[in-house]
Visitor: 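Below you will find the structure I want to go over with you.
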Amino acid sequence: MKLGYPCKNWSIDCIGDKTFRLKSYSEHRLIDTIQNNLECLKEMLTFNVKHHLLFFRISSDIIPFASHPINTFDWRDYFLDTFEDIGTLISLNNIRISMHPDQFIVLNSPKHDVVQRSIEELRYHADLLDLLQCDSTAKIQLHVGGIYNDKQKSLQRFIERYNDLPNSIRKRLVIENDDTRYSVNNCIHIFKETKIPILLDVFHHSLLNNNESLEKVLMETSRTWHKKDGVLMVDYSEQAPGLRKGSHTKSLTVSKFKKFLELSKPYDFDIMLEIKDKEQSALRALNIVKKDTRFQQFTSE
DNA sequence: TCACGTCAAGCAGAT
DNA sequence: ATCTGCTTGACGTGA
């Protein structure tokens, strides 16, 4: 069991997902920004290793306009050494990596151009993880997509599109249950047709489910991850008090988190804490996870 | 220095 | 019809 937080660290004086407007695009600006982002990524990973936070989500913004036609710069080659350097840090410390392409990436859209752009963006994500020389346990997590007034057809479209993807993307892609459209059950249906691993978002599951217990979905989703995929990835968040349903909380509630660890006892997985204060909550959670036998097993390896 | 309109991209529920 | 959230505010013009 490893623990982590997504994309950003507020404790260190370094922003790893800087970007800029399309209007101010220049190759110089691009190189500067990527340089900064990669330096910050390394700093965040170093911080994480020091604090035993060995699961990290790399921001999709690390390479601005990565799949946009305006970007014809060969950043893959230009930053090859830096990628290798960070990759070494990742592999030496056995850091688990994930990425989460944003909401514009929709594989099951009926619009051809949306799908094409989505595939290009997924290609960028896969390339980046390849350049960092991450093994196949580093994953790209995606939601199933839209409903388009016909859920069955839309599920089917996802399956077909997934099966047509190049292997470089397929080996890293996993699907995540969301809070309004596709539940764990729907993801299982896709798994049966594609063998794509399912990342369990426990907060989303609490908002959209078919009355399955947490234990049941932990069991079902765990089984979709094979040795080459690593252990199940879990996204963990809590409802923000007072805000609308689905809003992520600012800070971890220790008692709720303890309860989750207790309920999930029979299963091993890596936890991504989607909590707004990032590493602060992750460090608090770590104090709890450290006492867990699943975590002990990992550190004694 | 700061306020605030806007930002590559999709979708659906809420208002 | 328009706004908001998503994983999340940051960019950048204008005063």
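Lettering of chains follows the sequences in order, A, B, ..., and the numbering in each one begins at 1.
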Visitor: Could K195(A) and Y162(A) be counted as a cation-pi pair, given that NZ or CZ must be under 6.0 Å from the ring centre and within 45° of the axis?
Guide: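 Cation-pi check for K195(A) and Y162(A): fails.
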Visitor: Is it the case that R294(A) and S264(A) place a side-chain donor and acceptor less than 3.5 Å from each other?
Guide: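 Yes - a donor-acceptor pair under 3.5 Å links their side chains.
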Visitor: Nearest nucleotide by nearest heavy atom, which residue falls closer to the 5' end of DNA chain C, I15(A) or H204(A)?
Guide: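 First, find each residue's nearest nucleotide; the 5'-ward one identifies H204(A).
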Visitor: Does any pair with a residue in residues 18-108 of chain A pass disulfide (SG to SG under 2.5 Å), and if so which ones, sequence neighbours excluded?
Guide: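 Sorted result for residues 18-108 of chain A: C14(A)-C40(A).
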Visitor: Would you measure the distance from the P atom in dA8(B) across to the matching atom in dG12(C) and give it in whole Å?
Guide: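 That atom pair is separated by 9 Å.
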Visitor: Is there a chain of hydrophobic side chains (I, L, V, M, F, W, Y, each step under 4.5 Å between heavy atoms) that links V231(A) to L129(A)?
Guide: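 No.
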Visitor: To the nearest angstrom, how far is K111(A) atom NZ from dA8(B) atom P?
Guide: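 It works out to 19 Å between those atoms.
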Visitor: Between dC2(B) and dC6(C), how far is it from one C1' atom to the other, in whole Å?
Guide: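 Rounded to whole Å, the distance is 29 Å.
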Visitor: For atom P, what is the distance between dT7(C) and dT1(B), given to the nearest Å?
Guide: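 Taking atom P in both dT7(C) and dT1(B), they lie 36 Å apart.
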Visitor: Let me have DNA chain C in dot-bracket notation, would you? Count Watson-Crick plus G-U wobble pairs, both distances under 3.5 Å, and use [ ] for pairs crossing earlier ones and | for inter-strand partners.
Guide: ||||||..|||||||
Visitor: Base, sugar-phosphate, or nothing for S24(A), non-hydrogen atoms under 4.0 angstrom?
Guide: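 If one applies the 4.0 Å heavy-atom cut-off, S24(A) turns out to touch the sugar-phosphate alone, with no base involved.
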Visitor: Taking atom CD1 of I175(A) and atom CD1 of I140(A), what is their separation to the nearest 0.5 Å?
Guide: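 One finds 14.0 Å between CD1 of I175(A) and CD1 of I140(A).
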Visitor: Using a cut-off of under 3.5 Å, enumerate the N/O to N/O pairs linking the protein to nucleotides 12-15 of chain B.
Guide:
unit_1	atom_1	unit_2	atom_2	d
dA12(B)	OP1	I147(A)	N	2.5
dA12(B)	OP1	Y148(A)	N	3.1

Visitor: Quick one: list whatever passes side chain to side chain donor-acceptor pair (under 3.5 Å) with D178(A), sequence neighbours left out.
Guide: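 Testing D178(A) for side chain to side chain donor-acceptor pair (under 3.5 Å), a comparison that skips the adjacent residues, returns none.
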Visitor: Restricting to non-hydrogen atoms, name the atom on L252(A) and the atom on A285(A) that form the minimum distance, rounded to 0.1 Å.
Guide: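 The answer is CD2-CB, 3.7 Å.
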Visitor: Output the single nucleotide from dA9(B), dC11(B), dC7(B) whose closest atom is nearest the side chain of V106(A).
Guide: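 Comparing dA9(B), dC11(B), dC7(B) against the side chain of V106(A), the answer is dC11(B).
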Visitor: Quick one: label D102(A) by what it contacts on the DNA or RNA (base, sugar-phosphate, nothing), any heavy atom closer than 4.0 Å.
Guide: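 The answer is base, as D102(A) lies within the cut-off (heavy atoms under 4.0 Å) of a base atom.
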Visitor: Under the ring-ring contact (aromatic ring centres under 6.0 Å, His included) rule, what do Y5(A) and F56(A) come out as? Steps first, then yes or no, please.
Guide: CA-CA 6 Å; Y5(A) 59 92; F56(A) 190 67; 5.4 Å; yes
Visitor: Ring centres under 6.0 Å, that's the criterion: do F260(A) and F269(A) meet it?
Guide: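 Here the rings of F269(A) and F260(A) have centres that are less than 6.0 Å from each other.
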Visitor: Distance check needed: dG10(B) P versus E121(A) CD, whole Å only.
Guide: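 Taking CD of E121(A) and P of dG10(B), I get 12 Å after rounding.
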Visitor: With heavy atoms under 4.0 Å as the rule, sort T19(A) into base, sugar-phosphate or nothing.
Guide: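 The answer is sugar-phosphate, as T19(A) gets under 4.0 Å only of primed atoms, P, OP1 or OP2.
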Visitor: Can you check the distance between dG10(B) and dA10(C), where both ends of the measurement are the P atom (answer in whole Å)?
Guide: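 Result for the P pair: 23 Å, nearest Å.
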Visitor: Taking 5' to 3' order, which nucleotide of DNA chain C is first and which is last to have an atom within less than 4.0 Å of a heavy atom in chain A?
Guide: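 Both ends considered, the range comes out as dG5(C) to dG12(C).
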Visitor: Tell me what P69(A) touches on the nucleic acid: a base, only sugar-phosphate, or nothing, going by heavy atoms under 4.0 Å.
Guide: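 Nothing, no nucleic acid heavy atom in range.
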Visitor: Give the rounded distance in Å between these two atoms: CZ of F104(A) and P of dC7(B).
Guide: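 Going from CZ in F104(A) over to P in dC7(B) covers 12 Å.
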Visitor: Do you see a donor-acceptor pair shorter than 3.5 Å between the side chains of D201(A) and Q141(A)?
Guide: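 Q141(A) and D201(A) do not have a side-chain donor-acceptor pair below 3.5 Å.
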Visitor: Ignoring hydrogens and geometry beyond distance, is a side-chain donor-acceptor pair present between R181(A) and S154(A) at under 3.5 Å?
Guide: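 R181(A) vs S154(A): no donor-acceptor pair found between side chains.
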Visitor: In whole angstroms, how far is the C1' atom of dA9(B) from the CZ atom of R21(A)?
Guide: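 Rounding to the nearest Å, CZ of R21(A) and C1' of dA9(B) are 14 Å apart.
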Visitor: Taking only the C1' atom of each, what is the distance from dC7(B) to dT8(C) in whole angstrom?
Guide: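 One C1' to the other, the span is 13 Å.
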Visitor: H68(A) has an atom NE2; how far is it from atom P of dA9(B), in whole Å?
Guide: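 The distance from NE2 of H68(A) to P of dA9(B) comes to 8 Å, rounded to the nearest Å.
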Visitor: Could you check which residues of residues 272-281 of chain A get a heavy atom under 4.0 Å from DNA chain B? Sort them by number, please.
Guide: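 Here the set is empty: none.
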Visitor: Ignoring hydrogens and geometry beyond distance, is a side-chain donor-acceptor pair present between H100(A) and E176(A) at under 3.5 Å?
Guide: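 There is such a pair between these side chains.
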Visitor: Could you check if a side-chain atom of I31(A) sits within less than 4.5 angstrom of a side-chain atom of Y78(A), using non-hydrogen atoms only?
Guide: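 The answer is yes, as the side chains (C-beta and beyond) meet within the 4.5 Å cut-off.
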Visitor: Taking atom P of dA9(B) as reference, at what distance in whole Å does atom CG of D113(A) sit?
Guide: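 From D113(A) CG to dA9(B) P: 12 Å.
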Visitor: Provide, to the nearest angstrom, the distance between the CG atom belonging to N108(A) and the P atom belonging to dC11(B).
Guide: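 Spelled out: CG on N108(A) to P on dC11(B) is 8 Å.
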Visitor: Classify the nucleic acid contact of S118(A) as base, sugar-phosphate or nothing, counting any heavy atom under 4.0 Å across all strands shown.
Guide: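 Nothing, no nucleic acid heavy atom in range.
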Visitor: Side-chain contact test, heavy atoms from C-beta onward, threshold under 4.5 Å: evaluate it for L142(A) versus H125(A) and give yes or no.
Guide: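 Contact flag for L142(A)/H125(A) side chains = no.
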Visitor: For D135(A) and T137(A), does a side-chain donor sit closer than 3.5 Å to a side-chain acceptor?
Guide: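 Looking only at side-chain atoms, T137(A) and D135(A) do form a donor-acceptor pair, the distance falling under 3.5 Å.
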Visitor: Specify the residue among K18(A) and C7(A) whose closest nucleotide of DNA chain C lies further upstream toward the 5′ end.
Guide: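 Final value for this comparison: C7(A).
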